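Note on naming: letters A, B, ... go to the chains in the order of the sequence lines (proteins, then strands), and numbering restarts at 1 for each one. Everything numeric here is computed off the predicted structure, so don't read it as measured data.
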2 protein chains.
Amino acid sequence: MATSILIVEDEQDIRELLEFTFLRDGYDVIAAETAEIALQKIDIKLPDMIVVDWMLPGMDGIDLAKRLRRDELTADLPIVMLTARGEEADKLKSFAGGIDDYITKPFSPRELLARVKALLRRSGGPKNNLIEASGICLDLNSYRITINGNEIQISPTEYKLLEVLMRNPDRAFERSQLLDRVWGRQVYVEERTVDVHMLRLRKILKPHGLDATLQTVRGIGYRFTSVS
Amino acid sequence: MATSILIVEDEQDIRELLEFTFLRDGYDVIAAETAEIALQKIDIKLPDMIVVDWMLPGMDGIDLAKRLRRDELTADLPIVMLTARGEEADKLKSFAGGIDDYITKPFSPRELLARVKALLRRSGGPKNNLIEASGICLDLNSYRITINGNEIQISPTEYKLLEVLMRNPDRAFERSQLLDRVWGRQVYVEERTVDVHMLRLRKILKPHGLDATLQTVRGIGYRFTSVS
DNA sequence: CCCATATATGACAATACCGTGAAAATATTG
DNA sequence: CAATATTTTCACGGTATTGTCATATATGGG
């Protein structure tokens, strides 16, 4: 799957220039005219990075960035801001921490690509295809899961759930966070459904004495903790 | 099937010289005038190697190479770059990792062929090799398949599908990935068609007790795993 | 020790996914 | 062009998976 970039830009010609530039360089491009539309598109599919104009009708680029930063799912999404010359000096400083890079208009496509590429390299390393803890081993390549070397059977949803938990060991997830990450945002399922799937995972791990790795955090949700 | 080479060159006389050179030496040749056309042709059929001119109208050779490198399907396609004398020193260095070899114009056909052959040999080109696992043996030269030494009959699509799977043992492919690799990207066929071909492959392997090598990965797709 | 709240668990109906045969469409061969 | 082989689509049925609910059990505060 190609790297996907979300472009948020209200001026049609600039938006099209951006689309063309990224498409030509092999990215998947999603475009939005406003920050509001951008948020919708993000809910449908999380992009790998966002290029957003500073000036937008309605919610502006800074507001969008702030909002994305506040949201746990998008908190570390790389954001590149487009600004007109003269704006950057004062205003951007007031929001130093929020964006990852900015480019002043007019910009050259070449420069934009170089920045974006550098940013992606910086923020998203190559994905590891083995997750291991406490003898549980997820092979993301073959979609196999083994416990102490023995392959075990697991259903797709349980697999994804376990993957999310094991990618973040010792981190407590709220049910809603797990729903977002495993089920996606566009589907609505009851929060209690998470409990049922945790139960099923524990049943699978129990014969190997590893059900204690899936811990309940009362009042919050669940957590994966490796045991020895 | 012969090794196929995609030539990307806008100057007609050079393009024809290249075509003639490779055809005479027994290669299948696909030609494209621009990088954009080249991408289309690649979508139709993935070549074994690409010879591309540095200077092209529209997307240039470097951009093409970059894009191919980024795409998982073409990431390790051997690329030979043609450059005019004097260009190579500075610019090519800035893109050292992306191409596999380059040749300065004017070049002798003899030298070009030698380089291409060396590159194909180096990158494990499809010259005279076999894929074998669990007694299933694909002879990529003669397009034959034998199981425990006995030649068996198989249709072209089944062959290609089995080849893709056996080239990547233990890797789970989504149906869409198999469609890209076996059918090409530009054709549209239903994802479920993959199922039918997997069914046929299993029927072929079943009498030899090898149908278990083709495993269903529920919710994802399929996987080849050698059994002993 | 009891209550209020949160989580665990088993059961069940709905659903999604896959295998399969067969017909229709397409390509290949003589 | 006819005959044959291959490929694609479709639809049906079986089965694993999934979401929800009802009920049981646990937890922690007062």
With respect to the side chain of His197(B), which nucleotide from dT7(D), dT9(D), dA8(C) is positioned closest?
dT7(D)
Contact class for Arg192(A) vs. all strands (heavy atom < 4.0 Å): base, sugar-phosphate, or nothing?
base
Anything under 3.5 Å between a protein N or O and an N or O of nucleotides 22-30 of chain C, put it in a table, one pair a line.
none

Nearest heavy atoms of Val116(B) and Ile5(B), plus distance in Å
CG1-CD1, 3.9 Å
Quick one: do the Glu151(A) and Thr146(A) side chains pair a donor with an acceptor below 3.5 Å?
no
Just by distance, with hydrogens left out, do Gln40(A) and Glu36(A) show a side-chain donor and acceptor under 3.5 Å apart?
no
Please give, in whole Å, the distance from dC18(C) P to Arg202(B) CZ?
11 Å
Measure all distances between protein nitrogen or oxygen atoms and nitrogen or oxygen atoms of nucleotides 1-5 of chain C, and list the pairs falling under 3.5 Å.
unit_1, atom_1, unit_2, atom_2, d
dT5(C), O2, Arg218(A), NH2, 3.4

Could you go through Thr3(B) and Asp48(B), starting from their C-alpha distance and side-chain angles, then the distance that decides it, and tell me whether this counts as side-chain hydrogen bond (donor to acceptor under 3.5 Å, both in side chains)?
CA-CA 6 Å; Thr3(B) 304; Asp48(B) 295 307; 4.5 Å; no
Over how many whole Å does the gap from Leu179(B) atom CG to dT9(D) atom P extend?
9 Å
Just how far, in rounded Å, is P of dG19(C) from CG of Leu205(B)?
14 Å
Residue met sooner reading DNA chain D from 5', once Ile154(B) and Thr193(B) are mapped to nucleotides:
Ile154(B)
Look at the side chain of Lys203(B) and decide which nucleotide, out of dG21(C), dT8(D), dT18(D), has an atom nearest to it.
dG21(C)
Grab the CH2-P distance between Trp183(A) and dA16(C) for me, whole Å please.
15 Å
Describe, in one word, how the ring planes of Phe22(B) and Tyr27(B) are oriented to each other, choosing from parallel (under 30°), tilted (30 to 60°) and perpendicular (over 60°).
perpendicular
Just checking Val194(A): base, sugar-phosphate only, or nothing, at a heavy-atom cut-off of under 4.0 Å?
nothing
Partner set under ring-ring contact (aromatic ring centres under 6.0 Å, His included) for Tyr222(B), not counting sequence neighbours:
none
To the nearest Å, how far apart are Asp195(A) CG and dT9(C) P?
10 Å
Estimated bend of the helix from dC1(C)-dG30(D) to dG30(C)-dC1(D) (axis per five terminal pairs, rounded to 10 degrees):
40°
Find the distance Lys160(B):NZ to dT7(D):P and express it as a whole number of Å.
12 Å
Audit row: Arg202(B), Thr216(B), side-chain hydrogen bond (donor to acceptor under 3.5 Å, both in side chains) steps and yes/no
CA-CA 11 Å; Arg202(B) 282 169 174 164; Thr216(B) 301; 2.8 Å; yes
Atom CD of Glu191(B) to atom P of dC17(C): distance rounded to whole Å?
11 Å
Calculate the interatomic distance between Leu161(B) atom CG and dT8(D) atom P; express it in whole Å.
11 Å
For Phe224(A), all residues meeting ring-ring contact (aromatic ring centres under 6.0 Å, His included), sequence neighbours excluded
none
Need to verify one output field. Residue with the more 5' nearest nucleotide on DNA chain C, Tyr222(A) or Gly219(B)?
Tyr222(A)
More than 12 heavy atoms of other residues, nucleotides or ligands under 6.0 Å from CD of Gln186(A): yes or no?
yes
Tell me whether the count of non-hydrogen atoms from other residues, nucleotides or ligands lying under 6.0 Å of CZ in Arg171(A) goes above 12.
yes
Contact class for Tyr188(B) (heavy atom, under 4.0 Å): base, sugar-phosphate, or nothing?
sugar-phosphate
Please tell me if Thr216(B) has a side-chain N or O lying less than 4.0 Å from either OP1 or OP2 of dC17(C).
no
Among dA8(C), dT17(D), dT9(D), which nucleotide sits nearest the side chain of Leu199(A)?
dA8(C)
Heavy atoms of Ser4(A) and Leu46(A) approach each other most closely as OG-O, 4.2 Å
From the candidates dT9(C), dT7(D), dT18(D), the one with an atom nearest any side-chain atom of Thr157(B) is dT7(D)
Mind running side chain to side chain contact (heavy atoms under 4.5 Å, CB included) on Leu165(B) and Leu178(B) for me, showing each step along the way?
CA-CA 9 Å; Leu165(B) 290 167; Leu178(B) 291 172; 4.0 Å; yes
With sequence neighbours excluded, tell me which residues meet ring-ring contact (aromatic ring centres under 6.0 Å, His included) with Phe173(B).
none
May I ask you to say what Tyr159(A) touches in the nucleic acid, namely base, sugar-phosphate or nothing, with a heavy-atom cut-off under 4.0 Å?
nothing
